[in-house]
Amino acid sequence: MNPLSPLIVCYARGGGLGHLTRLRAVLHTLGWGGEVTVLSGSPFAADARIAGGWRVLAPSDPVRTLAELEPDELIVDAFPAGLKGELTAVPAGTRVTHLARLLRWDAYLPLLPAVPPRFDRTFVLEPLDPAHGSYLRSVSDEIAPLDLTDPPSAPIDVDGWLIVHGGPDAEIRELVAYARDMAALEGVRPPMTLVSPRRPDGLPAGIAHRDAYPACPPGPRVERIVTAAGFNAVRQFAPWRDRHRMLPFPRALDDQFTRAKRARDPALGSTSRFRSTSR
């Protein structure tokens, strides 16, 4: 580790792919260099396509690990006090940045510790629940919207319809069924390709599978894009909204249904309505 390089620690305590994809985009958007350590228990963190160049730790006591690391910059993703409210202390002298996305705030609020972390700045990545936004204003010295840009990558170009999901097999099968039902209602039989980290059991015959990351941008031969309504899928495929169809899934803390509704009505989905503030 270069002793002259700032140490950036990203706190992304989630088991899925979304936190890591968002961190890649944030680091690229802000042009942050330096050593990057990610605290994450996600199995996807072992994939060099996703976390290549990062040091990944999965500590049982993240507060103690942060105290030992003494980072120059701490990036807290999505959950203001960690996934279960476990982020109760931050090392003195560490600049803390929070990445705010839509949460089911009524479900997350009881998880906040008695003394929650404060943030030097909060970047709002999409419209929030009003109570969530009010809370972040009370614990942030600066708050501003941020539009993310992903690192450049080659397009995923396949004939017909592209189905993208990194979630559990049951959801992947449900997305495939949704795409097939949609095609039947439209009276078409397009070739379909599933992009996911694995080929799920029970994938119908005739559905091609690719393990590709990232799964965006789509190439010119892609006629339709079918995804769930997670933060990254909705954000990344926004330029192709006319071709994008979403099937939201229930989540304990994420609100895919509200996100999908906003995506279908662009007037509801702009962070520009969230004004920058500073203390």
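- Distance OG1/T94 to CD/E70: 7.5 Å, rounded to 0.5 Å.
- Put simply, the side chain of T97 never gets that close to the backbone of I75: no donor and acceptor are under 3.5 Å apart.
- Rounded to the nearest 0.5 angstrom, C10 SG and L39 CG are separated by 8.5 Å.
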Would you please test D169 and R173 for side-chain contact (heavy atoms from CB on, under 4.5 Å) and show each step? CA-CA 6 Å; D169 286 5; R173 290 191 293 268; 3.5 Å; yes

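- F257 CZ to R251 CZ: the interatomic distance, rounded to the nearest 0.5 Å, is 9.0 Å.
- H28 has its side chain within reach of T149: a pair of non-hydrogen atoms, C-beta onward, lies under 4.5 Å apart.
- Other residues, nucleotides and ligands contribute at most 12 non-hydrogen atoms within 6.0 Å of the CZ atom of R189.
- At least one donor-acceptor pair under 3.5 Å links the side chain of D120 to the backbone N or O of V96.
- Among all heavy-atom pairs drawn from P197 and H165, the shortest one is CD-O, 3.7 Å.
- Chaining together hydrophobic side chains whose heavy atoms lie under 4.5 Å apart places L162 alongside I156, V158, V164, V195, V222, I225, F237, W240.
- Linking ILVMFWY residues whenever their side-chain heavy atoms come closer than 4.5 Å, directly or via other members, leaves V63 and I8 in distinct clusters.
- Here the side chains of L109 and Y135 are not in contact, with every heavy-atom distance at 4.5 Å or above.
- When all heavy atoms of P71 and P91 are compared, the closest pair comes out as CD-CG, 4.1 Å.
- When all heavy atoms are compared, the tightest approach of H19 to A12 is CB-CB, 3.8 Å.
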Y11 vs V90, test: side-chain contact (heavy atoms from CB on, under 4.5 Å). Steps then yes/no. CA-CA 11 Å; Y11 195 83; V90 173; over 6 Å; no

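- A donor-acceptor pair is defined here as one N or O able to donate and one able to accept, closer than 3.5 Å; such a pair exists between the side chain of S153 and the backbone of C216.
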Apply side-chain contact (heavy atoms from CB on, under 4.5 Å) to the pair L99 and L23, showing each step before the final yes or no. CA-CA 9 Å; L99 309 176; L23 288 177; 4.0 Å; yes

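- Ring geometry, Y108 versus F79: the interplanar angle falls under 30°, so the pair is classed parallel (tilted spans 30 to 60°).
- Taking the side chain as every heavy atom from C-beta outward, T122 and V139 never approach each other to under 4.5 Å.
- Separating the CZ atom in R95 from the CG atom in L74 is a distance of 12.0 Å, to the nearest 0.5 Å.
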Under the side-chain contact (heavy atoms from CB on, under 4.5 Å) rule, what do L103 and L128 come out as? Steps first, then yes or no, please. CA-CA 7 Å; L103 296 178; L128 308 176; over 6 Å; no

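- The two residues D254 and R259 come nearest to each other via the heavy atoms OD1-NH2, 2.8 Å.
- In plain terms, the two heavy atoms of L102 and D255 that are nearest each other are CD2-O, 3.3 Å.
- The shortest heavy-atom contact between P43 and G15 is CD-O, 3.3 Å.
- Counting Ile, Leu, Val, Met, Phe, Trp and Tyr side chains that sit under 4.5 Å apart, directly or through other members, I163 shares a hydrophobic cluster with W161, I172, L175, V176, Y178, M182, V188, M192, L194, L203, I207, V226, L247, F249.
- Contact annotation: the side chain of L87 never approaches that of P62 to less than 4.5 Å [non-hydrogen atoms, C-beta and beyond].
- Under a 3.5 Å cut-off, the side chain of R241 and the backbone N or O of A263 do form a donor-acceptor pair.
- With contacts defined as side-chain heavy-atom distances shorter than 4.5 Å, the pair L20/S40 qualifies.
- Taking OH of Y213 as the reference point, atom OG1 of T21 lies at 3.0 Å (rounded to 0.5 Å).
- In this structure, the separation between CZ on R121 and OG on S140 is 11.5 Å, given to the nearest 0.5 Å.
- R245 places a side-chain heavy atom less than 4.5 Å from the side chain of R224.
- Under the 4.5 Å side-chain criterion, counting only non-hydrogen atoms from C-beta, T227 is in contact with H244.
- A continuous path of ILVMFWY side-chain contacts below 4.5 Å connects L66 to L83, so both sit in one hydrophobic cluster.
- Between F119 and H98, the ring planes lie parallel to each other; the angle is under 30°, not in the 30° to 60° tilted range.
- No side-chain heavy atom of R235 sits under 4.5 Å from any side-chain heavy atom of R22.
- Around atom CZ of R64, no more than 12 heavy atoms belonging to other residues, nucleotides or ligands sit under 6.0 Å away.
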